[in-house]
Amino acid sequence: MEMDGRSSSSAGIEADSVSLQQSRRSKFIHQFTQQSLPACKPVLSPPFVISVFFVVGVIFIPIGIVALHASRSVVEIVYRYDGECVPEPYRSNKLAYIKDDLIPKNCSKSLKIPKHMKAPIYIYYQLDNYYQNHRRYVKSRNDKQLLHGLKYHDASSCHPEDANHGHPIVPCGLIAWSLFNDTYSFSRGVVDLKVNRKNIAWKSDREHKFGKQVYPVNFQNGTLIGGANLDPNIPLSDQEDLIVWMRTSALPTFRKLYGRIEEDLDADDVISVNLFNNYNTYSFSGSKKLVLSTSTWLGGHNDFLGIAYISIGTSLIFIAFVFLLLHVNNPRPYGDTSNLSWNWKPISS
């Protein structure tokens, strides 16, 4: 009898607990559906709005000034060479020049360093009027083949660069086929400047998108050569030029990392640039530029972020002053906040 009493008592407690949980759940659901859950609901009075606009504006302007100063402290040299590096007799027909393999494509240029450039100095190539975001171009690749090689046989997405003479191409597709193939070397006086071309691609791309046991096969063996060739003895995961190029750009003007100079360059230093002008941008009225740039904690040269912060901060302060004048000249009586729904007190029965 005593055991039965304890069992019935515990059963009653469990039933009460379940009933309480259901009651709480139904109350929560009711509050949620009626949008009456506890929340921060500030009253947007004129002093509150004016204060918020003013404080945010005061915060944004210094941030913008700091970001703009960081951007302006970047030292950047941009040299367009696609016109200068064409011999004088061929400047009226640049397409014939770039297609003729018998004409030397080497070119030399001296660049003067305007300010002290602290290492690492990043080397980029910039292409203009090059639409890597074209739908057919973007789709002409096979990510599974890049990772698994010939183990993945379906390369139909790479058409028309999927096979050559009946044999599959690795890496296939128009993106890989059009790999950029201009080269640069630098010297200061009689001393060569070493260009570090390691770790120029994203680590995630090297380790997870390009196979460590996948090697170029039948690449650039057709009658029409698109761009650079690849060493068949080096796996795709180590061909960082290709990895950088395969990350297509969304805009027709873009820069891609070529390498790094890991020593400082002083102001007024003169460096010699020896380049090979191999890549054909003349057929689509494109242009090529060599870019040398330092970096800061904010990245490379880009004034947009700083100007945006300063512009928004100034606009907010201006709006705050306008609101303040309107509030002073035409004050309006506040409403009674006790009539707001979340301030209602339940009527005690």
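In this structure, the side chains of V74 and S293 come closer than 4.5 Å at one or more pairs of heavy atoms. Between L179 and L230 there is a side-chain heavy-atom pair separated by less than 4.5 Å. Counting heavy atoms from C-beta outward, I123 and I261 have side chains that approach closer than 4.5 Å. Contact check for V195 versus S185: no side-chain heavy atoms found under the 4.5 Å cut-off. A heavy-atom distance below 4.5 Å is not found between the side chains of K109 and L275. When side chains are defined from C-beta on, R247 counts as touching K209, because their heavy atoms get closer than 4.5 Å. Inter-residue side-chain proximity for Y152 and D154 is flagged as met; some heavy-atom pair is nearer than 4.5 Å. The shortest side-chain heavy-atom distance between I175 and Y137 falls under the 4.5 Å cut-off.
Side-chain atoms of N278 come within 3.5 Å of backbone N or O of N181 as a donor-acceptor pair. At distances below 3.5 Å, at least one donor-acceptor pair connects side-chain atoms of Q145 with backbone N or O atoms of C172. Between the side chain of S71 and the backbone N or O of A67 there is no donor-acceptor pair closer than 3.5 Å. Although no hydrogens or angles enter the test, the distance criterion places no donor-acceptor pair under 3.5 Å between the side chain of E161 and the main chain of I169. In this structure, the side chain of R206 engages the main chain of A201 through a donor-acceptor pair within 3.5 Å. A donor-acceptor pair under 3.5 Å links the side-chain atoms of N218 to the main chain of H167, judged by distance alone. T294 places a side-chain N or O within 3.5 Å of a backbone atom of V75 that can act as its donor or acceptor partner. Proximity of a side-chain donor or acceptor of Q126 to a complementary backbone N or O of K256 within less than 3.5 Å is not detected. Of the possible polar contacts, one joining the T296 side chain to the G299 backbone as a donor-acceptor pair under 3.5 Å is found. With hydrogens and angles ignored, the 3.5 Å screen pairs a side-chain donor or acceptor of S140 with a backbone N or O of L174.
Here the closest non-hydrogen pair linking Q239 and I234 is NE2-O, 3.0 Å. In plain terms, the two heavy atoms of C85 and Y79 that are nearest each other are SG-OH, 4.2 Å. Closest heavy-atom contact between E263 and K194: OE2-N, 4.5 Å.
Sparse packing is recorded around NE2 of H134, with 12 or fewer heavy atoms of other residues, nucleotides or ligands lying under 6.0 Å away. The number of heavy-atom neighbours closer than 6.0 Å to NZ of K94, taken from other residues, nucleotides and ligands shown, is above 12. In F284, the CZ atom is crowded: over 12 heavy atoms of neighbouring residues, nucleotides or ligands sit closer than 6.0 Å.
Membership of an apolar cluster is not assigned to L325, as no side-chain contact below 4.5 Å to another ILVMFWY residue is traced. Hydrophobic cluster of Y282: the remaining members, joined at side-chain heavy-atom separations below 4.5 Å, are V86, Y90, L95, Y97, I98, I103, listed by chain and number.
Ring orientation note: the planes of F323 and F53 are tilted relative to one another, at an angle of 30° to 60°. Using cut-offs of 30° and 60° for the angle between ring planes, the Y279 and F180 rings count as tilted.
Distance check: I77 CD1 to L111 CG gives 6.0 Å after rounding to the nearest 0.5 Å. Taking CG of N280 as the reference point, atom CD1 of I225 lies at 13.0 Å (rounded to 0.5 Å). Separating the CD1 atom in I310 from the CD1 atom in I63 is a distance of 11.0 Å, to the nearest 0.5 Å. The distance from the CG atom of N142 to the SG atom of C158 is 5.0 Å, given to the nearest 0.5 Å. To the nearest 0.5 Å, the span separating CZ on F48 from OG on S45 amounts to 7.5 Å. Separating the CZ atom in R197 from the OH atom in Y184 is a distance of 9.5 Å, to the nearest 0.5 Å.
Between Y130 and W245, the gap from one ring centroid to the other is short of 6.0 Å. Ring-centre distance between Y258 and Y124: not below the 6.0 Å cut-off.
Salt bridge present: R188 and D269 bring a charged side-chain N and a carboxylate O closer than 4.0 Å.
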Derivation of the salt bridge (Lys or Arg N to Asp or Glu O under 4.0 Å) call for D143 and R141: CA-CA 6 Å; D143 291 328; R141 61 184 293 164; 3.0 Å; yes
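Residues N274 and S108 have side chains that bring a donor and an acceptor to within less than 3.5 angstrom of each other. A donor-acceptor contact closer than 3.5 angstrom is absent between the side chains of N229 and Q220.
Under a hydrophobic-cluster definition in which Ile, Leu, Val, Met, Phe, Trp and Tyr are linked whenever side-chain heavy atoms come within less than 4.5 Å, directly or via other members, L257 and L251 are assigned to different clusters. Y215 and F210 are assigned to two separate hydrophobic clusters, defined by single-linkage of ILVMFWY side chains at heavy-atom distances under 4.5 Å. Residues V191 and I121 fall into different hydrophobic clusters, defined by Ile, Leu, Val, Met, Phe, Trp and Tyr side chains chained together at heavy-atom separations under 4.5 Å.
Among the candidates D82, T281, D182, the single residue satisfying the side-chain hydrogen bond (donor to acceptor under 3.5 Å, both in side chains) test with K288 is D182. Of the listed residues (E76, R260, R255), just one forms a side-chain contact (heavy atoms from CB on, under 4.5 Å) with Y122, and that residue is R260.
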